[in-house]
Amino acid sequence: MDYEPIVNELIFALSAKGKISFSDFNVILEVLYYEKGFAQNDAINWNDVIRDTRRFLESLGYCDVDYDDGKIYACPPALVLLPKNGLPSAILIGTYTPDVLIDLENFTKSHNDVCNFDWLEHPIEKIVSAFIPKTLCITAERIDLIETMAKDADIDIQISSSAANLLLKFSCSSTDIWENLKFTERILPLEPKGCNKTEFNISELRFSSSNYSFENFRLAQYRQINKRYKLMFWMWNGNEKADVDLNWGRWLLLHKANKNVMVYDYLHRQLLCPSSVPLPRLLARAMTLCSGTIPHQEILFYENDSFKRIIKQNEGGNAFSFDVYDQVSKPMADELRNKLGQSVIHLLSFKLFD
């Protein structure tokens, strides 16, 4: 089933509130869902919908999410450049009001010979897409027109470089994160009491109840039994542990194990990362702002230390879901690889149909 996007109500709500708790955010999603007439669907996992909606809104630059305090903070509206050749194009990020949209649209109408106002569609694959507004994209003959437009709408603008390039440049690397982990030795018992533990398996690219380690390194997730949503993530080095961000932790363990899972498609300028190994948040935003659209998902098969697309039906091998980021240049993919300590696997096979 396809889900048509809910037009901007969620962004308007975030703009009006400035900050919002996770619980209030969840209520707004449910209200919007039923107000738009979507049918009751018992198969929907609302925890997944809520998690993915927060994640994609943040990666598109609409908000910043504080997982420690359980709050979502609205980002101010701004026009930022896309990293593309040809005429300059900028997208609207941050939370905006209806007045901002009216000002931008009126400017393009009065300059329709040199400016174009368009909405970028997101991949409609699952219900979470219904909560992600289309991305407003402005293309102009000259960059000063985009500057004037932002000034008229009283919003910020970033034109020194594309937002994707700036975010990628200033983001931490896996080496930076590792060097700043604060390891402390644990006295027996090693594991915290009152917690259910799972560990990240680099072969299956997921957490499981089985113990898994590479040499002395392992990444463990602890869920406090009496606090349903209280999670802790520890990176272990022998008997020493350090608190670690979940997304960085997975990439750190993959780096230590020399496990390469990042895939690049030269032909289509696409970067592919396993859906179960999301990019760290700032890097995810950088890759998302290469195109201004959220990643779509695709199944790749792992065989002989490499991933490939479906060649024929009933393909053998291990299947993994991947997030596919569009309009990612080779230099940007290489920079991301360096940040995460990965060697990019190049995708050369094509999807064929029997």
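The basis for the numbers below is simple: all heavy atoms, side chains too, and nothing from hydrogens, waters or symmetry mates.
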Inset, instruction - Write down the atom of Val244, the atom of Leu181, and the distance for their closest heavy-atom approach. - result: CG2-CD2, 4.0 Å
Legend entry - CG on Leu254 to OG on Ser174, rounded to 0.5 Å: 10.5 Å
Legend entry - Exam field: side chain Ser15 to backbone Phe12, donor-acceptor pair closer than 3.5 Å: no
Inset, instruction - Give a yes or no on whether the backbone of Glu58 and the side-chain of Arg285 come within a donor-acceptor separation of less than 3.5 Å. - result: yes
Legend entry - Rounded distance (nearest 0.5 Å) linking atom NZ of Lys182 with atom CG of Asp243: 10.0 Å
Inset, instruction - May I ask you to decide if Ala74's main-chain N or O and Thr95's side chain share a donor-acceptor pair within less than 3.5 Å? - result: no
Inset, instruction - Examine the side chains of Arg337 and Gln342 and answer whether a donor and an acceptor come within less than 3.5 Å of each other. - result: no
Inset, instruction - Quick one: sort the Trp178 and Phe217 rings into parallel, tilted or perpendicular, breaks at 30° and 60°. - result: perpendicular
Inset, instruction - Considering non-hydrogen atoms only, spot the tightest contact between Cys290 and Leu82 and give its length. - result: O-CD2, 4.0 Å
Legend entry - Nearest heavy atoms of Leu60 and Gly292, plus distance in Å: CD2-O, 3.5 Å
Legend entry - Straight-line distance of Arg250 CZ to Phe200 CZ, nearest 0.5 Å: 6.0 Å
Legend entry - Atom pair CG (Leu10) and OG1 (Thr53), whose distance is rounded to the nearest 0.5 Å: 7.5 Å
Legend entry - Asp144 with Arg142: basic N within carboxylate O range, under 4.0 Å: yes
Inset, instruction - Taking His255 for its side chain and Gly341 for its backbone only, find out whether a donor-acceptor pair lies under 3.5 Å. - result: yes
Legend entry - Side-chain donor-acceptor pair present, Thr139, Ser89, cut-off under 3.5 Å: yes
Inset, instruction - Determine whether Cys195 and Arg223 make a side-chain contact, defined as any pair of heavy atoms from C-beta on separated by less than 4.5 Å. - result: no
Legend entry - All side-chain hydrogen bond (donor to acceptor under 3.5 Å, both in side chains) counterparts of Ser210, not counting sequence neighbours: none
Inset, instruction - Output the distance between atom CG (Leu272) and atom OH (Tyr325), rounded to the nearest 0.5 Å. - result: 10.5 Å
Legend entry - Under 3.5 Å side-chain donor-acceptor pair for Asp326 and Gln270: yes
Legend entry - Exam field: side chain Trp248 to backbone Leu279, donor-acceptor pair closer than 3.5 Å: no
Legend entry - Backbone N/O of Leu282 and side chain of Ser171: donor-acceptor pair under 3.5 Å: no
Inset, instruction - Look only at the side chain of Asp176 and the backbone of Ser173, and say whether a donor-acceptor pair between them is shorter than 3.5 Å. - result: yes
Inset, instruction - Looking only at non-hydrogen atoms, find the nearest pair between Phe207 and Ala220 and report the distance. - result: CE2-C, 4.4 Å
Legend entry - Side-chain touch Arg281/Ser59, heavy atoms, less than 4.5 angstrom: no
Inset, instruction - With sequence neighbours excluded, tell me which residues meet ring-ring contact (aromatic ring centres under 6.0 Å, His included) with Phe22. - result: Tyr67
Inset, instruction - Please confirm whether the backbone N or O of Thr293 pairs with a side-chain atom of His122, one donor and one acceptor, at under 3.5 Å? - result: no
Legend entry - Residues Arg186, Glu240: salt bridge by 4.0 Å N-O rule: no
Inset, instruction - Looking only at non-hydrogen atoms, find the nearest pair between Ala286 and Ala164 and report the distance. - result: O-CB, 3.2 Å
Inset, instruction - Identify whether the distance between the nearest side-chain nitrogen and carboxylate oxygen of Asp334 and Lys330 falls below 4.0 Å. - result: yes
Legend entry - Student check: side-chain heavy atoms of Val344 and Asn260 closer than 4.5 Å: no
Inset, instruction - Please list, chain by chain and in numerical order, all residues satisfying ring-ring contact (aromatic ring centres under 6.0 Å, His included) with Phe25, sequence neighbours excluded. - result: none
Inset, instruction - Please determine if Lys241 forms a cation-pi arrangement with Trp234, meaning its NZ or CZ atom is less than 6.0 Å from the six-membered ring centre and no more than 45° off the ring axis. - result: yes
Legend entry - Closest non-hydrogen atom pair between Lys339 and Cys172, with its separation: CD-O, 3.8 Å
Legend entry - Side-chain donor-acceptor contact under 3.5 Å, Asp323 with Ser275: yes
Legend entry - Exam field: side chain Asn106 to backbone Ile102, donor-acceptor pair closer than 3.5 Å: yes
Inset, instruction - Step through the shown structure and confirm whether more than 12 heavy atoms of other residues, nucleotides or ligands are within 6.0 Å of CG on Asp154. - result: no
Inset, instruction - Report yes if the side chains of Pro295 and Phe322 come closer than 4.5 Å at any heavy-atom pair, otherwise no. - result: no
Legend entry - Spatial distance of atom CD1 (Ile159) from atom CD1 (Ile143) [nearest 0.5 Å]: 4.5 Å
Legend entry - Worked verdict on Ile72 versus Lys19 for side chain to side chain contact (heavy atoms under 4.5 Å, CB included): CA-CA 5 Å; Ile72 299 171; Lys19 69 176 178 180; over 6 Å; no
Inset, instruction - Would you sort out whether Thr108 and Asn112 count as a side chain to side chain contact (heavy atoms under 4.5 Å, CB included), showing the intermediate values? - result: CA-CA 5 Å; Thr108 54; Asn112 59 10; over 6 Å; no
Inset, instruction - Could you tell me whether the side chain of Leu79 reaches within less than 4.5 Å of the side chain of Asp156, counting heavy atoms only? - result: no
Inset, instruction - Give the ring-plane orientation class for Tyr266 versus Tyr264, where under 30° counts as parallel, over 60° as perpendicular and anything between as tilted. - result: perpendicular
Inset, instruction - Check whether the side chains of Ser23 and Asn26 place a donor and an acceptor atom closer than 3.5 Å, and report yes or no. - result: no
Legend entry - Heavy atoms of other groups near Lys17 NZ, more than 12 under 6.0 Å: no
Inset, instruction - Output yes when a side-chain donor or acceptor of Asp69 lies under 3.5 Å from a complementary backbone atom of Lys71, and no otherwise. - result: no
